[in-house]
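First up is the structure itself, then whatever we jot down about it.
In listed order, ligands and their atoms are each counted from 1. For the single chain, residues carry numbers from 1 onward in sequence order. Predicted model only: the values in this text are computed from it and were never measured.
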Amino acid sequence: MGKMRTQSAPWRAAAVLASVLLVGGVAACGNSDTGGGAKDDGKITMGFSQVGAESGWRTANTTSIKESAAAAGIELKFDDAQQKQENQIKAIRNYIQQKVDVIAFSPVVESGWDTVLKEAKDADIPVILTDRSVDSADKSLYKTFLGSDFVKEGRLAGEWLVEQKKSATGPVNIVELQGNTGAAPANDRKKGFGEAIAVNPNLKIIASQPGDFTRAGGKQVMEQFLKANKQIDVLFAHNDDMGLGALEAITAAGKVPGKDITIITVDAVKDGMQALADGKFNFIAECSPLLGPQLMDLAKKVHAGEEVPARIETEETTFTTEQAKEALPNRKY
Ligand code: AHR
């Protein structure tokens with residue numbers, strides 16, 4: 001103690017400097033293992049597994065993620081799974097091997113992720129679900145889920161129809177184009193729509209088939225619907241692209257879309273909004289693909305070990321023809 005008190009000023013400064021360097025060194029060593037054991041060079045690397053390129057929505061989502069990663073200074077490793085779960089699992093395993101800092105993905109289907117998510121957790125790599133969720137009972141397998149409330153989208157579509165058909169005295173025949181089998185938006189939009197229209201027994205779904213969220217799928221399945229059913233009053237398509245494909249089938253069958261058949265879709269991408277503004281669609285429940293900026297923000301937070309909310313819901317609205325005309329000039333996607 002006495003010795004310490006009698007240290008000269010230069011010696012004291014040197015001692016302080018040495019301890020600062022020592023503490024700094026220890027802190028740096030402690031940090032070097034963040035994000036799955038990757039060396040911490042101050043840069044975040046994100047492995048992102050995208051569903052595919054099935055729709056206008058998906059293209060806009062991919063653009064948003066790539067642009068936001070670049071703007072946030074996050075190095076992005078991107079993989080397109082071509083709508084196949086096995087490709088997504090393979091991509092996630094590659095990201096684990098490469099010791100990326102954060103893994104993000106939009107699961108093509110809801111089930112079957114526990115094993116690979118457990119592998120990521122064991123490797124200490126945080127996972128963020130974006131756009132679509134998984135049905136894993138163990139919520140600790142991922143940090144957060146950023147995306148839309150698909151049940152609500154289906155419900156909003158159904159409620160609009162209930163209002164439109166409230167004075168119908170006879171059956172209203174509805175056909176439904178579902179997204180790909182097992183996908184969260186397909187399951188949830190079906191559920192929300194079905195629950196909403198259940199209040200009016202005149203509203204009946206007479207046919208419901210997957211069109212895989214693609215224009216080609218929508219066209220092909222709508223052709224079958226039109227062949228098999230004499231009277232179709234309403235089409236509910238789980239996305240704009242299937243609705244746009246169905247337009248071709250409806251026109252080819254000599255019917256007027258938006259008049260002979262009421263058309264309700266989900267997404268509100270530019271082409272869908274144009275069809276709505278033109279009166280070919282009648283109503284759209286919005287689903288925003290612009291998730292990139294929020295995703296990058298979350299990646300930075302989970303990488304820094306900060307707590308993030310378990311669920312972050314995207315803000316969305318609905319559009320009628322008049323509203324689409326107004327919104328179109330400023331539509332970003
Ligand atoms: O998961 C979002 C859905 O996936 C969009 O509604 C659809 O267009 C896309 O393919």
Side-chain angles (χ1 to χ4, degrees), residues 48-65 80-85 87-88 104-111 113 128-135 145-158 176-193 209-219 221-222 235-247 263-276 281 283-292 294-295 311-319 331-333:
F48 187 91
S49 169
Q50 179 60 290
V51 167
E54 73 280 5
S55 61
W57 188 100
R58 190 64 55 196
T59 309
N61 181 244
T62 293
T63 304
S64 170
I65 284 157
D80 175 341
Q82 299 177 351
Q83 297 244 65
K84 291 200 176 87
Q85 183 174 33
N87 290 347
Q88 287 203 295
F105 78 115
S106 170
V108 61
V109 290
E110 277 186 287
S111 303
W113 298 101
I128 300 174
L129 301 178
T130 169
D131 163 34
R132 301 179 181 182
S133 191
V134 298
D135 62 7
F145 165 41
L146 162 70
S148 310
D149 180 343
F150 299 132
V151 178
K152 185 171 159 194
E153 292 167 353
R155 194 172 59 237
L156 291 170
E176 180 180 33
L177 284 168
Q178 302 171 33
N180 60 290
T181 306
N187 296 338
D188 294 354
R189 287 171 187 164
K190 180 166 189 50
K191 180 173 187 276
F193 184 78
Q209 293 280 329
D212 295 338
F213 284 125
T214 65
R215 284 193 195 203
K219 182 176 178 214
V221 179
M222 192 66 203
L235 163 65
F236 173 45
H238 287 189
N239 79 343
D240 286 340
D241 279 77
M242 290 190 294
L244 291 163
L247 285 185
I263 301 180
I264 306 166
T265 66
V266 184
D267 277 357
V269 294
K270 263 190 190 155
D271 289 354
M273 291 286 271
Q274 190 60 60
L276 183 57
F281 284 180
F283 187 75
I284 302 181
E286 186 184 39
C287 177
S288 174
L290 306 180
L291 304 175
Q294 274 173 297
L295 174 62
R311 173 76 170 104
I312 299 162
E313 205 181 301
T314 318
E315 275 180 38
E316 285 156 355
T317 184
T318 58
F319 295 97
R331 203 72 186 150
K332 290 201 180 70
Y333 54 91

| Is Asp131 in contact with ligand 1, taking contact as a heavy-atom separation below 4.0 Å? | yes
| request: Answer yes or no: is there an ion pair linking Glu176 with Lys190, defined by an N-O contact shorter than 4.0 Å? | output: yes
| task | Identify the residue among Phe48, Phe145, Trp113 that makes a ring pair (Phe, Tyr, Trp, His ring centres under 6.0 Å) with Phe105. | result | Trp113
| query | By number and element, which atoms of ligand 1 are closer than 4.0 Å to a non-hydrogen atom of Ser55? | reply | 7 (C), 8 (O), 9 (C), 10 (O)
| query | With atoms numbered from 1 as shown, which atoms in ligand 1 lie under 4.0 angstrom from a non-hydrogen atom of Pro185? | reply | 1 (O)
| request: Just say parallel, tilted or perpendicular for the rings of Phe236 and Phe193, cut-offs at 30° and 60°. | output: parallel
| Who's the nearest protein heavy-atom neighbour of atom 10 (O) of ligand 1, and how far? | Glu54 OE2, 2.4 Å
| note | Closest to atom 8 (O) of ligand 1 (heavy atoms only, candidates Asp212, Thr214, Asp241, Asp267) is Asp267
| task | Return yes or no for this condition: an N or O of Asn239 is under 3.5 Å from an N or O of ligand 1. | result | yes
| Residue among Asn61, Ile65, Ile312 satisfying side chain to side chain contact (heavy atoms under 4.5 Å, CB included) with Leu295 | Ile65
| query | In terms of side-chain geometry, is the basic nitrogen of Asp271 or Arg331 positioned less than 4.0 Å from the acidic oxygen of its partner? | reply | no
| field | From the candidates His238, Arg132, Arg189, the one that places a heavy atom nearest atom 4 (O) of ligand 1 | value | Arg132
| Backbone or side-chain N or O of Trp57 under 3.5 Å from ligand 1 N or O | no
| Does Asp188 pair with Lys152 as a salt bridge, N-O distance under 4.0 Å? | no
